[in-house]
Amino acid sequence: MQTDIDPRRLIGHKAVDRDGAKLGTVDEVYLDDATGEPEWAAVRTGLFHRDVFVPLGPSEVVDGTLRVPYERGLIKDAPDFGVGRHLSPEQELQLYHHYGLDVPG
């Protein structure tokens with residue numbers, strides 16, 4: 001998943017769903033092991049009281065806000081792996097399937 005999002009500038013920014021509803025604040029950015037490109041963001045949610053992983057590839061930054069092109073319910077139901085540690089290939093696969101994304105080959 002290639003993206004032009006700069007992970008150093010993303011942490012601490014607001015994240016919204018496809019309809020503009022606030023999700024929370026970007027807590028961490030996870031890079032792809034092979035390419036070093038930003039692949040996932042962990043968003044600290046007030047509503048769900050946890051971090052949810054969102055894909056950065058289909059997302060965009062608009063006026064300093066991360067806009068995730070999925071509805072809030074789907075994001076809320078994303079697998080919960082906790083933050084602060086490496087995502088395993090199996091966990092990434094679960095996230096790709098959850099969001100209906102093609103698994104990189």
task: Would you check, one step at a time, whether the test side-chain contact (heavy atoms from CB on, under 4.5 Å) holds for E90 with L93?
output: CA-CA 5 Å; E90 294 80 18; L93 190 58; 5.6 Å; no
- request: Determine whether L87 and L95 make a side-chain contact, defined as any pair of heavy atoms from C-beta on separated by less than 4.5 Å.
  value: yes
message: With heavy-atom distances below 4.5 Å as the criterion, would you say the side chains of D27 and I11 are in contact?
response: no
field: Of all pairs that satisfy salt bridge (Lys or Arg N to Asp or Glu O under 4.0 Å), the ones with a partner from residues 78-87, not counting sequence neighbours
entry: R50-D80
- prompt: Minimum heavy-atom separation for A15 to V26, with atom names?
  reply: CB-CG2, 4.4 Å
- request: Using atom types as modelled and distance alone, determine if a side-chain donor or acceptor of D32 lies under 3.5 Å from a backbone N or O of A34.
  value: yes
- prompt: So how far is it from R67 CZ to T65 OG1, rounded to the nearest 0.5 Å?
  reply: 8.0 Å
- prompt: Hey, are D33 and H86 close enough side-chain-wise for a donor-acceptor pair under 3.5 Å?
  reply: yes
query: Do L101 and P55 come close enough that some side-chain heavy atom pair is under 4.5 Å?
result: yes
query: Would Y99 end up clustered with F53 when hydrophobic side chains under 4.5 Å apart are linked, directly or stepwise?
result: yes
query: How would you list, by chain and number, every residue that makes a side chain to side chain donor-acceptor pair (under 3.5 Å) with R44, sequence neighbours excluded?
result: D51
Atom pair CG (D17) and CD1 (I75), whose distance is rounded to the nearest 0.5 Å: 5.5 Å
message: Can you confirm whether D19 is buried at CG, in the sense that more than 12 heavy atoms of other residues, nucleotides or ligands lie under 6.0 Å from that atom?
response: yes
- request: Provide the closest heavy-atom pair for P79 versus Q94 in the form atom of the first, atom of the second, distance.
  value: CB-OE1, 4.2 Å
- line: Here the pair of heavy atoms bringing L23 nearest to T45 is O-CG2, 3.2 Å
query: After noting the C-alpha distance and the side-chain angles of T25 and V43, does the key distance pass the side-chain contact (heavy atoms from CB on, under 4.5 Å) rule?
result: CA-CA 5 Å; T25 304; V43 175; 5.8 Å; no
query: Hey, what's the ring geometry for Y96 with W40, parallel, tilted or perpendicular (30° and 60° as the breaks)?
result: perpendicular
- prompt: Checking side-chain contact (heavy atoms from CB on, under 4.5 Å) for the pair L66/E60: CA distance, chi angles, key distance, verdict?
  reply: CA-CA 6 Å; L66 179 67; E60 62 182 342; over 6 Å; no
Nearest heavy atoms of P38 and V29, plus distance in Å: CB-CG1, 4.0 Å
message: If I compare all heavy atoms of H98 with all of L74, which pair ends up nearest, and what's the gap?
response: NE2-O, 2.7 Å
message: Any side-chain to backbone donor/acceptor pair from H13 onto G64? Under 3.5 Å, distance only.
response: yes
- prompt: Does the side chain of Y70 reach to within under 4.5 Å of the side chain of P58, using non-hydrogen atoms?
  reply: yes
Minimum side-chain heavy-atom gap L56-E39 below 4.5 Å: no
message: Tell me every residue that passes side chain to side chain donor-acceptor pair (under 3.5 Å) with Y30, counting only those two or more places apart in sequence or in another chain.
response: E28
